[in-house]
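Here's the structure, in structure tokens; my notes come after.
Note that the coordinates shown come from a computational prediction; the quantities given were computed from them, not determined experimentally.
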Amino acid sequence: MRRLAAVTTTFTVLLAFTAGGTSATTWASNEQLLQPVQRPGQGIENRVDALLAKMTLEEKLQQIQLLSDAQVTDEDARNGLGSVFSLTDPVKINRLQRIAVEQSRLKIPMLFAYDTIHGYRTVFPVPLGAASSFDPAVAADDAFYGARESSAVGIKQIYSPMVDVAHDPRWGRIVEGGGEDPYLNGVMAAARVKAAQGGDYGRPGKVVTSPKHFAAYGQPEGGRDYSTTEMSEQRLRNLYLPPFKAAIDAGADTVMCSFNSLNGVPGCANRYIETDILKREWKFDGFIESDYTAVAELRACPPKEPDEGPCGHGVAADGPGAAEAALNAGTDSEMVSTTIRDNGRGLLAQGRISMRRIDDAVRRILRVKFRAGLFEHPYVDPSKAEAAQLRPDAVAAARKAAGRSMVLLKNDGGALPLDPAKKTAVIGPLGNSRHDMLGPWSGQGRDEDAVSVYEGLKAQNPRTTFAAGCEMIAKDPPDNTPADECGSDAGFPAAVETAEDADQVVLVLGETSNQSGEAASRSDIGLPGLQERLLDRIKATGKPFVVVLVNGRPLTLSTVASKAPAILEAWFPGVQGGNAVADVLLGKVNPGGKLPVSFPRTLGQIPIHYNREPTGRPCDPGVKWNSRYRDLPHCDALYPFGHGLSYTTFTISGLELSSATMPANGEIAVSVNVRNTGRRSGDEVVQLYINDPVASISQPVRRLRGFQRVTLAPGRSKKVTFKLGRQDVGFYDNRGRFVVEPGTINVYAGASSTAKLGAAFRVTSR
């Protein structure tokens with residue numbers, strides 16, 4: 001009962017602030033947010049069992065099938081199809097649903113799904129940007145409004161949050177997750193799940209979530225999307241699985257398995273992670289859907305049965321083999337490809353799959369449909385769908401979220417904030433792009449709804465002008481060429497003239513939305529094209545200037561940082577991005593975001609992340625015989641995890657422990673004082689890290705185990721307290737066992753992962 005009470009409190013606080021579109025002044029602690037929820041009980045199970053007992057084999061195989069909007073037909077609905085994704089027209093959704101409910105034999109409603117990643121129509125900052133806020137309320141607002149808008153058109157499942165931990169910024173999909181730390185990812189994932197689902201995702205405005213991609217998809221070889229992943233058991237469990245566990249504990253009832261192979265076994269055919277860990281160890285009773293054609297991709301090439309379509313993993317010889325591998329591993333719903341539906345009867349007759357496993361998959365799917373309230377409320381009112389989109393409270397929340405997600409990387413000499421009375425030139429290929437404010441996976445976001453940086457600044461300072469300097473033309477491989485990505489300097493003279501006619505310059509540089517996201521890995525993560533040369537030309541004018549970055553991954557910025565007095569990381573900030581950038585540049589919003597991922601100095605440093613394992617010869621730029629690069633006189637990142645500046649200053653001091661020892665099953669409190677020592681109100685993110693210096697398996701040099709974003713007026717201070725327990729000081733070994741070992745734990749508190757303020761306590765066996 002104590003656990004249930006904690007969960008209820010979390011939901012109460014969560015819904016209180018999301019309903020109004022602004023963050024609550026009092027937020028449930030991260031520990032409270034991560035508490036598991038209770039799921040509906042036996043009443044639903046009885047209904048599931050009764051329905052399952054009436055189903056034929058063909059009807060069961062139809063329930064397992066998940067088709068796209070381009071594939072689904074009226075006949076599929078009439079035959080009892082299980083699910084459809086990417087259909088967004090409420091009239092068409094209702095029509096197909098009526099066929100399923102009124103014309104199929106058992107009248108089982110279909111589940112309609114969509115990739116609502118960072119907003120449906122009201123587009124919020126990309127998830128990597130939201131993670132930069134270090135504020136669960138930002139992620140929760142995003143999920144709350146995304147669920148409200150999605151459900152209004154008939155969508156009842158969203159393929160999010162993406163919780164893949166990523167240590168390689170070359171990987172394009174790093175933009176969709178929370179960065180390089182499992183704890184931060186987990187907190188943000190739990191906030192998203194609880195906000196999107198509420199206490200009951202069968203209620204209006206709520207949807208069931210599907211964390212993805214299970215598992216370790218975020219660490220592909222070479223940073224190439226869809227590539228293979230190899231890692232030890234302890235690394236998988238300590239770094240990559242915790243955010244999934246947090247999402248499941250928060251109530252997520254569906255999960256998407258991944259394209260990649262993990263230690264040679266593809267995600268959607270991996271019995272160890274799907275059945276042994278997710279379903280048995282974690283007691284997950286929802287269903288697992290495959291990613292797009294991931295089941296067909298289990299086949300060797302050239303493809304057989306059918307003799308077309310995706311293939312490549314080579315763990316199955318043909319379509320029937322792929323169906324057998326996926327279903328027996330634990331995949332319950334097949335997306336796009338139809339190997340299970342087409343071959344299920346034959347495989348069952350051959351004894352290659354069992355009716356028990358088919359029934360288990362169908363039971364899981366029906367369970368979610370009952371919990372989603374689809375049997376009671378299968379339809380939506382199309383006349384109300386449009387009115388649910390872009391409502392003022394959602395738009396206001398998106399603007400606030402964007403401001404809280406920006407990170408001030410550099411600000412020499414107080415270059416920011418800008419003087420709002422001075423004539424301002426916005427320069428750069430992304431400076432007047434509405435489309436690139438939205439970023440990848442922007443749902444049903446529309447360019448006409450977005451605000452560009454130029455438009456945002458001009459709205460607050462009419463003396464604002466614009467020149468692009470060069471163009472960033474959105475073309476995808478293999479059609480893209482270097483000429484498409486700021487490949488010409490023909491526009492530089494006009495940009496220089498515009499800058500010279502202004503008092504101050506805002507250079508908006510970075511990536512286009514299609515240069516980031518799925519299938520957008522990059523071998524070079526510097527500024528594309530001639531953008532740095534454009535910076536040189538603007539700098540040569542002598543006009544004061546600052547750089548605003550629009551991008552979806554860490555970039556190599558060493559030379560940019562050596563030239564620009566100030567750099568603001570805006571990410572892809574969403575539909576209100578231009579207004580939010582203007583709020584920050586002009587000082588109406590004091591930036592308080594922190595980096596959720598390290599920025600390397602050079603490409604060759606990758607992977608570089610704060611939570612690395614130690615070595616017997618740690619990097620020392622003054623010594624040859626250690627873990628260093630001979631051509632780089634640095635060991636650290638350019639901008640480390642947790643870094644972020646403010647227009648004011650803070651001190652963090654007075655670290656205290658509630659005890660010098662902690663029993664293995666006990667708790668210890670860690671407290672620090674944070675004070676605003678500057679002249680402006682502002683936000684500081686107090687971060688707590690630990691290190692286990694002596695363990696049976698080498699532990700990371702640091703691990704984030706707590707954070708709190710604090711707003712303080714000048715001269716004000718606050719005491720911040722964190723609790724550490726068994727889950728914080730323990731770790732998984734290479735046999736999959738969670739262990740808590742006696743010994744010293746070092747504690748560090750500060751404003752980034754390089755925090756120096758420290759103390760230590762001992763974990764005892766009792």
Using a 3.5 Å distance criterion without hydrogens, assess whether the side chain of Gln197 forms a donor-acceptor pair with backbone atoms of Gly251. yes
Main-chain N/O of Pro127 paired to Glu176 side chain as donor or acceptor, under 3.5 Å: no
Restricting to pairs with a member in residues 613-630, which pass salt bridge (Lys or Arg N to Asp or Glu O under 4.0 Å), not counting sequence neighbours? Arg235-Glu613
Could you walk me through whether Thr229 and Asn260 pass the side-chain hydrogen bond (donor to acceptor under 3.5 Å, both in side chains) test, one step at a time? CA-CA 7 Å; Thr229 303; Asn260 65 298; 3.2 Å; yes
Does Ser598 have any side-chain contact (heavy atoms from CB on, under 4.5 Å) partners at least two apart in sequence or in another chain, and if so, which? Glu180, Ala637, Phe641
For Gly186 and Ala246, which heavy atoms make the closest approach, and how far apart are they? O-CB, 3.5 Å
Could you check whether Ser521 and Asp225, counting side-chain N and O atoms only, form a donor-acceptor pair closer than 3.5 Å? no
For a 4.5 angstrom cut-off between non-hydrogen side-chain atoms, does Leu184 reach Phe707? yes
Any ion pair linking Asp412 and Lys410 (charged N to carboxylate O, less than 4.0 Å)? yes
Would you check if the side chain of Lys718 reaches a backbone N or O of Arg675 as a donor-acceptor pair within less than 3.5 Å? no
OG/Ser658 to CZ/Phe722 distance, rounded to the nearest 0.5 angstrom? 13.5 Å
Check this for me: does any side-chain nitrogen of one of Lys212 and Asp164 sit under 4.0 Å from a carboxylate oxygen of the other? no
With sequence neighbours excluded, tell me which residues meet salt bridge (Lys or Arg N to Asp or Glu O under 4.0 Å) with Arg737. Asp733
For this output row, return yes or no: ring centroids of Phe214 and Phe244 closer than 6.0 angstrom. yes
So, using ring pair (Phe, Tyr, Trp, His ring centres under 6.0 Å) as the criterion, who are the partners of Tyr226 when residues are at least two apart? Phe259
Donor-acceptor pair between Ser671 and Glu656 side chains, under 3.5 angstrom: no
For the pair Asp141 and Lys400, find out whether any cationic side-chain nitrogen is under 4.0 Å from an anionic carboxylate oxygen. no
CD1 (Ile273) and CZ (Arg237) are apart, to the nearest 0.5 Å, by 11.0 Å
Work out which heavy atom in Leu262 is nearest to a heavy atom in Ala216; give both atom names and the distance. CD1-CB, 4.0 Å
Between Asn611 and Pro700, is there a donor-acceptor pair closer than 3.5 Å when you use the side chain of the first and the backbone of the second? no
Quick one: side-chain contact (heavy atoms from CB on, under 4.5 Å) partners of Pro220, sequence neighbours excluded? Trp171, Ser227
Between Lys723 (side chain only) and Ala669 (backbone N and O only), is there a donor and an acceptor less than 3.5 Å apart? no
Quick check: does any side chain N or O of Arg703 sit under 3.5 Å from a backbone N or O of Asp728, one acting as donor and the other as acceptor? yes
So which atom in Val670 and which in Leu724 form the shortest heavy-atom distance, rounded to 0.1 Å? CG2-CD1, 3.9 Å
Which residues pass the side-chain contact (heavy atoms from CB on, under 4.5 Å) test with Asn551, sequence neighbours left out? Glu511, Leu549, Leu555, Glu569, Trp571
Distance-only, no hydrogens or angles: does the Asn411 side chain make a donor-acceptor pair with backbone N or O of Leu408 under 3.5 Å? no
Quick one: are Leu757 and Tyr748 in side-chain contact, heavy atoms under 4.5 Å? no
Would you please name every residue forming a salt bridge (Lys or Arg N to Asp or Glu O under 4.0 Å) with Arg702, sequence neighbours left out? none
Those residues that, when tested against Tyr629, pass ring pair (Phe, Tyr, Trp, His ring centres under 6.0 Å) (two or more places apart): none
Is there a salt bridge (charged side-chain N to carboxylate O under 4.0 Å, His left out) between Asp135 and Arg709? Walk through the geometry before answering. CA-CA 6 Å; Asp135 181 1; Arg709 184 162 176 161; 5.4 Å; no
With sequence neighbours left out, the residues meeting side-chain hydrogen bond (donor to acceptor under 3.5 Å, both in side chains) with Asp168 are Arg170
Judged by atom type as modelled, is there a donor-acceptor pair below 3.5 Å linking the side chain of Ser558 to the main-chain atoms of Arg601? yes
Would you call Ile288 and Thr254 a side-chain contact if the rule is heavy atoms closer than 4.5 Å? no
Are Pro600 and Ile606 packed together at the side-chain level, in the sense that at least one heavy-atom pair is separated by less than 4.5 angstrom? yes
Mark yes or no for whether Lys194, through its side chain, and Leu33, through its backbone, hold a donor-acceptor pair below 3.5 Å. yes
I'd like to know whether Lys279 forms a salt bridge (charged side-chain N to carboxylate O under 4.0 Å, His left out) with Asp285, so could you lay out the CA-CA distance, the side-chain angles of the two residues, the decisive distance to 0.1 Å, and finally the verdict. CA-CA 7 Å; Lys279 292 181 176 180; Asp285 67 357; over 6 Å; no
Using a distance-only test with no angle check, is there a side-chain donor-acceptor pair under 3.5 angstrom linking Asn673 and Ser717? no
Sequence neighbours excluded, the answer for salt bridge (Lys or Arg N to Asp or Glu O under 4.0 Å) partners of Glu230 is none
Count the heavy atoms of every other residue, nucleotide or ligand shown that sit under 6.0 Å from CZ of Arg726, and state whether that count exceeds 12. yes
Heavy-atom closest pair (Ser405 atom, Ala130 atom, distance to 0.1 Å) is OG-CA, 3.6 Å
Distance-only side-chain donor-acceptor flag, Tyr217 / Arg173, under 3.5 Å: yes
Please check this pair: side chain of Asn185 against backbone of Gly179, looking for a donor-acceptor N/O pair closer than 3.5 Å. yes
pair His213-Met162: side-chain heavy atoms closer than 4.5 Å: yes
Nearest heavy-atom pair of Pro596 and Ala131: which atoms, and what distance? CB-CB, 3.9 Å
Test Glu274 against Asn270 for side-chain hydrogen bond (donor to acceptor under 3.5 Å, both in side chains), laying out the working first. CA-CA 6 Å; Glu274 288 192 300; Asn270 196 317; over 6 Å; no
So, using salt bridge (Lys or Arg N to Asp or Glu O under 4.0 Å) as the criterion, who are the partners of Arg280 when residues are at least two apart? Asp276
Can you list everything that forms a side-chain contact (heavy atoms from CB on, under 4.5 Å) with Thr228? Sequence neighbours excluded, please. Glu221, Ser261
Between the CD1 atom in Ile248 and the CG atom in Leu278, the distance rounded to the nearest 0.5 Å is 5.5 Å
What I'd like to find out is whether the side chain of Val165 reaches to under 4.5 Å of the side chain of Asp181, using heavy atoms alone. no
Can you tell if the side chain of Asn746 reaches within under 4.5 Å of the side chain of Ile690, non-hydrogen atoms only? no
In terms of heavy-atom contacts, Asn676 and Thr649 come closest through OD1-O, 3.2 Å
Could you tell me if Thr754 and Ser752 have a donor-acceptor pair between their side chains, going purely by distance under 3.5 Å? yes
Ring centroid separation for Tyr689 and Tyr610, is it under 6.0 angstrom? yes
Considering only heavy atoms from C-beta outward, does the side chain of Leu34 approach that of Tyr183 to under 4.5 Å? yes
